[in-house]
Amino acid sequence: MRRKRTKQFAIAILGGLLTVAIVIAVCNILVVNNAKGRTFDNLSDVPTREIGLLLGTSPITPAGAHNYNFDNRIKAASDLYHARKINLILVSGGDYTMTEKHGCDEPTAMRDSLVAHNVPDTCIIEHWQGWRTINSIEAVKNLYDFDSITIISQKYHNERALYQADHFGLDAVGYNAEPSPIKSSRIRNAIREYLARVKLFIDLL
């Protein structure tokens, strides 16, 4: 009897793990397929939009290390602006200076870095309620009343943001910033992104 129960328990555990794996895989496939042909690595291929949405990140990681994703997003946004692919940049993130050990004011940090890359301060809009990607996407439509945007982040992030943009009726494309050169960082981001894509569909229910 005990062996039978143990076997049933093991089968239930395996069945549960298989279900989770299938859900993660399906969510990932849906997000990737939806973004096909809509994210760009080459600046010359990016269609012109009035505004670029620079998704929030901090120059310092939660562990206190340098965040190369931040540098690469800033470069991507400034390149778009100087190539006249966008006229305005909405920097959207959160202010974590009081809540996290290495937290920063993301919109201010992004603005200051863009200005250092010769983007005029008058062409930068700061949004402090971008704690999550969906908050940033929703703000473009419902707070700032833009209908057409270029989303600026790493490719994996852009793919998920495009699915959210479609939900809010935005005409959106993504410009892919270079990924972090740190392999361990890329692996962590990839694992986190698989779970974020499941959360994406929960949010949109």
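Remember, it's a predicted structure, so these values are computed and weren't measured experimentally. For reference, positions follow the sequence shown, starting with 1.
Note: Leu204 CG to Lys199 NZ = 9.5 Å, rounded to the nearest 0.5 Å. Of the inter-residue distances, the one linking Ile152 atom CD1 with Asn176 atom CG reads 11.0 Å to the nearest 0.5 angstrom. Annotation: the span from Ile151 atom CD1 to Leu170 atom CG amounts to 7.5 Å, rounded to 0.5 Å. How far CD1 of Ile22 is from CG of Leu17: 11.0 Å, rounded to the nearest 0.5 Å. Taking CG from Leu200 and CG from Leu205, the interatomic distance works out to 9.5 Å, rounded to the nearest 0.5 Å. Interatomic distance, Ile74 CD1 to Ile89 CD1, rounded to the nearest 0.5 Å: 8.0 Å.
Checking side-chain atoms of Glu126 against main-chain N and O of Leu90 turns up no donor-acceptor pair under 3.5 Å. Put simply, the side chain of His82 gets close to the backbone of His117: a donor and an acceptor are under 3.5 Å apart. With Asn67 contributing its side chain and Thr61 its backbone, the two residues share no donor-acceptor pair below 3.5 Å. Side-chain N or O atoms of Asp105 include none that pairs as donor or acceptor with a backbone N or O of Thr97 at under 3.5 Å. Side-chain atoms of Asn69 come within 3.5 Å of backbone N or O of Ser180 as a donor-acceptor pair.
A heavy-atom distance below 4.5 Å is not found between the side chains of Thr48 and Arg84. For the pair Ile24/Val198, a side-chain contact is recorded, criterion being any heavy-atom separation below 4.5 Å from C-beta on. Under the 4.5 Å side-chain criterion, counting only non-hydrogen atoms from C-beta, Pro59 is not in contact with Ser113. Proximity of Met110 to Ile124: side-chain heavy atoms (C-beta onward) are nowhere separated by under 4.5 Å. In this structure, Asn118 and Tyr81 have side chains that are not in contact, with every pair of non-hydrogen atoms separated by 4.5 Å or more. Inter-residue side-chain proximity for Ser185 and Lys183 is flagged as unmet; no heavy-atom pair is nearer than 4.5 Å. A 4.5 Å side-chain heavy-atom check between Arg73 and His157 finds at least one atom pair inside the cut-off. Using a 4.5 Å cut-off on side-chain heavy atoms (C-beta onward), Leu88 and Phe146 make contact.
In terms of hydrophobic clustering, with Ile, Leu, Val, Met, Phe, Trp and Tyr side chains grouped at heavy-atom distances under 4.5 Å, Ile29 and Val31 are assigned to different clusters. In the hydrophobic clustering of ILVMFWY residues, with side-chain heavy atoms under 4.5 Å counting as a link, Tyr194 and Val26 come out apart. Hydrophobic clustering, with ILVMFWY side chains joined whenever heavy atoms are under 4.5 angstrom apart, keeps Leu30 apart from Val20. Clustering ILVMFWY residues whenever any of their side-chain heavy atoms sit less than 4.5 angstrom apart, transitively, puts Ile86 in a cluster other than the one holding Ile149. Using a 4.5 Å cut-off between side-chain heavy atoms of Ile, Leu, Val, Met, Phe, Trp and Tyr, with links allowed through other members, Ile134 and Leu55 fall into the same hydrophobic cluster.
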*Given side chain to side chain donor-acceptor pair (under 3.5 Å), test His127 with Ser136 step by step and report yes or no.*
CA-CA 8 Å; His127 175 243; Ser136 300; 4.7 Å; no

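For Tyr156 against Arg197, the heavy-atom pair with the smallest separation is O-NH2, 3.0 Å. Closest of all the heavy-atom pairs between Ser92 and Gly130 is OG-CA, 3.4 Å. Scanning all heavy atoms of the two residues, the minimum distance from Ile60 to His102 falls at CG2-CB, 4.0 Å. Across Leu162 and Gly174, no two heavy atoms sit closer than the pair CD2-N, 4.2 Å. The two residues Ser44 and Lys85 come nearest to each other via the heavy atoms O-NZ, 3.5 Å. The two residues Ala161 and Thr133 have their closest heavy-atom pair at CB-CG2, 3.9 Å.
Other residues, nucleotides and ligands contribute more than 12 heavy atoms inside 6.0 Å of the CD atom of Gln129. The neighbour count for Lys141 NZ, taken as heavy atoms of other residues, nucleotides or ligands under 6.0 Å away, is above 12.
At a threshold of 4.0 Å, the pair Arg38-Asp166 counts as salt-bridged, since one of the basic side-chain nitrogens sits closer than that to a carboxylate oxygen. A salt bridge is absent between Asp41 and Lys155: the closest approach of a Lys/Arg side-chain nitrogen to an acidic carboxylate oxygen does not fall below 4.0 angstrom.
Looking only at atom types and distance, the side chain of Arg186 has no donor-acceptor partner in the side chain of Asn189 under 3.5 Å away.
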